Amino acid sequence: MADLSTPYRTHTCGELRPTHAGSAARLSGWVHRRRDHGHLIFLDLRDRHGLTQVVVDEEEAPDAHAVASRVRSEYVVMASGTVAPRDADKVNPRLATGEVELRATDISVLAESKTPPFYINEPDAPIDEPLRLKYRYLDIRREPMLRRLLLRDRLVQAIRDVHHANGFVEIETPDLIKSTPEGARDFIVPSRLQPGSVYALPQSPQQLKQLLMVAGVDRYFQIARCFRDEDLRGDRQPEFTQLDLEMSFVDEATVMAFVEAMAIEVTRATVPERPIRETPFPRLTFGEATERYGTDKPDVRFGMELVDIGPALGGGAGEPSGFRVFDETLAAGERVKAIVAPGMASASRRETDELTEAARRHGAKGLAHLAVEGPGDVRGPIVKFLRADALRGIIERTRAEAGDLVLIVADRTDVANEVLGRLRTELGARLGLAKPDELAYCWVHRFPMYQWDAENGRWDATHNPFSGVVPEDEPLLVTASGDPATPSPADPAGRARAMQFDLALNGWEIGGGSIRINRVDLLRQSFALQGYSLDRMRNLFGAMLEAFEYGAPPHGGIALGIDRWAAVLADQPTIREVMAFPKTQSGSDLMLDAPAPPDPAQFAELGLRTVGVPDRATRD
RNA sequence: GGACCCGUGGUGUAGCGGCCCAACAUGCCAGCCUGUCACGCUGGAGAUCGCCGGUUCGAAUCCGGUCGGGUCCGCCA
């Protein structure tokens, strides 16, 4: 360790113990709290390491006492004196340093402070978030925020350790790159040297890391800043951080195995007190995930899975169930699915109305419910329509028990899954079904390669456009017509599955990866299906396409959202809580007051002027 | 682009047509206090209720707009 001793302090505010008793010490920190007893003043001195009580006795140190009596909250103070053990009845068990105190002989004010706009010394006090963001440097002085940034530091540190221990090389890639059309809107940066041209900020280092594979780097990782100009959410900021990694000469199993082992080790190093629910991580195909949980990022801490009750209703083929909505849905080839809300049979009319309203908001035409009062005693508005055996069949298939509420959606498969998936998430939270400490990782893989973009009449990559196809599905990468220029929703390509894998944690999507296409012919074929002409491909991905002519090794990797990962590990509802300086939903930095109108001189230099924006968008 | 919620002394809340030129807690200021640790006691200052407009005899309270913040939809491979 370097020698970091300074004139300002001999110890931190979290360091002194009874073993230091009798020795001289000097502390510097912020005044956390002052307790003035007239001739005796107590100062709690705080730094990021802890809190130490400083005692100033007017008889012992009149000068120090005079200084202490004019000191206020958040003043930066240096206190020198002797470490003294406290009498047994004066020990403060809530402080790590509570068995000792510093008897000050000398106190000096290093900096005064205005009264802060909110409490820094009361960790539980609620504060309006905009205020916290404006004074983020004060917010970070508060213990909860500091604790979360320290957790994030442990996370990133553990990530670096594990990667280096496994032969990965951390390489930085540029932030001024070229715009590519896939995915989100780019942030662009005008070029001064080439007026009229722009750089784009990377949405992720995707192409660059693949080029590093072509370069032979073999195992790369980076804690990379990424930028996407889309609307914000609790789990989305315009700039965010990814753990980006890529490996050569690997298959799907190798990448997933490494990421899984890495995630476990990193989790244990970061939050050793939180149990990981299941290892190896459960693996669900995309189809299973959506059928059973109604989402591709399931929270597998609790069951309450979606159940297909079609078969209990005659499946549209046999005897009709008696309830016309169900029978017509099944006859149309659509689905009737259900979830069981445990203990909610006694839900009030108001509660069931709210659930129905939520279902409608999420796109369902309605929501049927059955309250299981006891064995054979089922109540609800649709009971009178249902044949007895259909009703019995529903209870059997859903395994609903006395006291449970069965919620049923009859709709297209995607609607039924999505609606019930959302209800499951909401009810799981409301009913407290998940153990709050538990960390439930799970893999979702075998995504469809493409989804049909009805608006543009073409196939769109479901995830990364460079993702490879599952080998046995390679023949499916064609259109029905045989010409990639005339795609249709019935093309075999729609059935092709990607070597794509997402990592979910407690219902958050924290990462997505794949084995990439490393053959130029397949890459071209895949892009052609997505409606890219050869010229457009060259313009957009020229470097990649050319590089792949020079021997691209088989490779694959993943990107994990560090902010989301940290938020879940820190048990926080938004990623803002684990970012030092986040932006508001409208993309403002309330502390720096960004974005701000441009300086016209800067604009002129770049050959730019604003058009069609309000007056306030220009600065004098 | 859309839906919904929030905006009252420094902070967090209460008040939701007249009882409010606004209450409570805490913070702040002053005085007192030698063992506190959310110290205590006494006293004091501090908000025209985000902003603009309207309804009304009367608006913190109702309505419209606007600004700011949040949740969600769209968007985000």
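Below, chains carry the letters A, B, ... as their sequence lines are ordered, and counting in each starts from 1. Remember, it's a predicted structure, so these values are computed and weren't measured experimentally.
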_What's the closest nucleotide to the side chain of R86(A) if the choices are C37(B), G27(B), U34(B)?_
C37(B)
_Run E112(A) and R70(A) through salt bridge (Lys or Arg N to Asp or Glu O under 4.0 Å) and show every step you take._
CA-CA 10 Å; E112(A) 299 186 355; R70(A) 75 172 184 87; 3.3 Å; yes
_Taking any heavy-atom pair under 4.0 Å as a contact, classify S73(A): base, sugar-phosphate, or nothing._
sugar-phosphate
_As a test of reading the structure: which of G35(B), C28(B), G27(B) is closest to the side chain of Y119(A), going by heavy atoms?_
G27(B)
*Between H20(A) and H11(A), how do the two ring planes meet: parallel, tilted or perpendicular, split at 30° and 60°?*
perpendicular
*Are S588(A) and G68(B) close enough that a side-chain N or O sits under 4.0 Å from OP1 or OP2?*
no
*Respond yes when some side-chain nitrogen or oxygen of R72(A) is under 4.0 Å from OP1 or OP2 of A30(B), and no when none is.*
yes
*Provide the distance between the two P atoms, one in G74(B) and one in G27(B), to the nearest whole Å.*
46 Å
*Please state the P separation for the pair A59(B) and G50(B) - nearest whole angstrom.*
15 Å
*From the options C37(B), G74(B), U26(B), select the nucleotide whose nearest atom is closest to the side chain of Q53(A).*
C37(B)
_Counting only heavy atoms from other residues, nucleotides and ligands, does the tally under 6.0 Å from CZ of R34(A) exceed 12?_
yes
*When rounded to the nearest Å, what value does the distance between P atoms of A45(B) and A25(B) take?*
16 Å
*Heavy atoms under 4.0 Å, any strand shown: does D36(A) hit a base, just sugar-phosphate, or nothing?*
base
*Could you check which nucleotide pairs with A47(B) in any of the strands shown, counting Watson-Crick or G-U wobble with both distances under 3.5 Å?*
none
*asked:* So A125(A), base contact, sugar-phosphate only, or nothing? Heavy-atom distance under 4.0 Å.
replied: nothing
_Length of the line joining I41(A):CD1 and G31(B):P, which is rounded to integer Å_ = 12 Å
*With a 4.0 Å cut-off on heavy atoms, is N121(A) in touch with a base, just the backbone sugar-phosphate, or nothing at all?*
nothing
*Which base, if any, makes a Watson-Crick or G-U wobble pair with G12(B), both distances under 3.5 Å?*
C24(B)
*If you check every side-chain atom of E129(A), which of U34(B), G70(B), G12(B) has the closest atom?*
G70(B)
*Select one nucleotide: of C72(B), G35(B), G27(B), the one nearest the side-chain heavy atoms of V55(A).*
G35(B)
*Counting just side-chain N and O atoms, does R422(A) come under 4.0 Å of either OP1 or OP2 of C73(B)?*
yes
*Taking OH from Y75(A) and P from C28(B), how many angstroms apart are they, rounded to a whole number?*
11 Å
*asked:* Looking at G58(B), which nucleotide sits across from it as a Watson-Crick or G-U wobble partner, both distances under 3.5 angstrom, or is there none?
replied: none
*Find the distance Q585(A):CD to C5(B):C1' and express it as a whole number of Å.*
12 Å
_The side chain of D57(A) is closest to which nucleotide in this list: U71(B), U34(B), G74(B)?_
U34(B)
*Write down the distance between NE2 (H65(A)) and P (C33(B)), rounded to a whole number of angstrom.*
10 Å
_Nearest-Å distance for atom pair CD/P, residues Q451(A) and C76(B)_ = 10 Å
*Interatomic distance where CG belongs to D139(A) and P belongs to G10(B) [whole Å]*: 20 Å
*Has the side chain of R236(A) got a donor or acceptor atom sitting under 3.5 Å from an opposite partner on the base of C76(B)?*
yes
*Between the base of G35(B) and the side chain of R103(A), is there a donor-acceptor distance below 3.5 Å?*
yes
_Rounded interatomic separation in angstrom, taking CZ from F118(A) and P from U26(B)_ = 20 Å
*Would you mind telling me which of C28(B), U71(B), C37(B) lies closest to the side-chain atoms of T115(A)?*
C28(B)
_Gap separating the CG atom of L16(A) from the CG atom of L95(A), nearest 0.5 angstrom_ = 12.0 Å
*Please determine, for the side chain of R185(A), which listed nucleotide (C39(B), G74(B), C75(B)) has the closest atom?*
C75(B)
_Phosphate OP1/OP2 of G35(B) contacted by R35(A) side-chain N/O (<4.0 Å)_ = no
*Pick base, sugar-phosphate or nothing for L95(A), based on heavy-atom distances below 4.0 Å to the nucleic acid.*
nothing
*Rounding to the closest angstrom, what is the interatomic distance between U26(B) and G18(B) at atom C1'?*
31 Å
*asked:* I'd like to know whether CZ of R35(A) has more than 12 heavy-atom contacts from other residues, nucleotides or ligands below 6.0 angstrom.
replied: yes
*Please determine, for the side chain of E122(A), which listed nucleotide (U11(B), U26(B), U71(B)) has the closest atom?*
U26(B)
*What nucleotide among G1(B), U11(B), U34(B) has an atom nearest to a side-chain atom of L131(A)?*
U11(B)
*After noting the C-alpha distance and the side-chain angles of E101(A) and K90(A), does the key distance pass the salt bridge (Lys or Arg N to Asp or Glu O under 4.0 Å) rule?*
CA-CA 10 Å; E101(A) 60 196 10; K90(A) 288 167 188 134; over 6 Å; no
_Heavy-atom donor-acceptor pair, D128(A) side-chain to G69(B) base, under 3.5 Å_ = no
_In whole Å, I'd like the distance from the CD1 atom of I127(A) to the C1' atom of G70(B)._
16 Å
_Over 60° means perpendicular and under 30° means parallel, so tell me whether F286(A) and F447(A) are parallel, tilted or perpendicular._
tilted
*asked:* I'd like to check, for H37(A), whether its ring lies over the base of C39(B) with centroids under 5.5 Å apart and a plane angle smaller than 30°.
replied: yes
_Classify R233(A) by what it touches in the nucleic acid, base, sugar-phosphate, or nothing, heavy-atom distance under 4.0 Å._
base
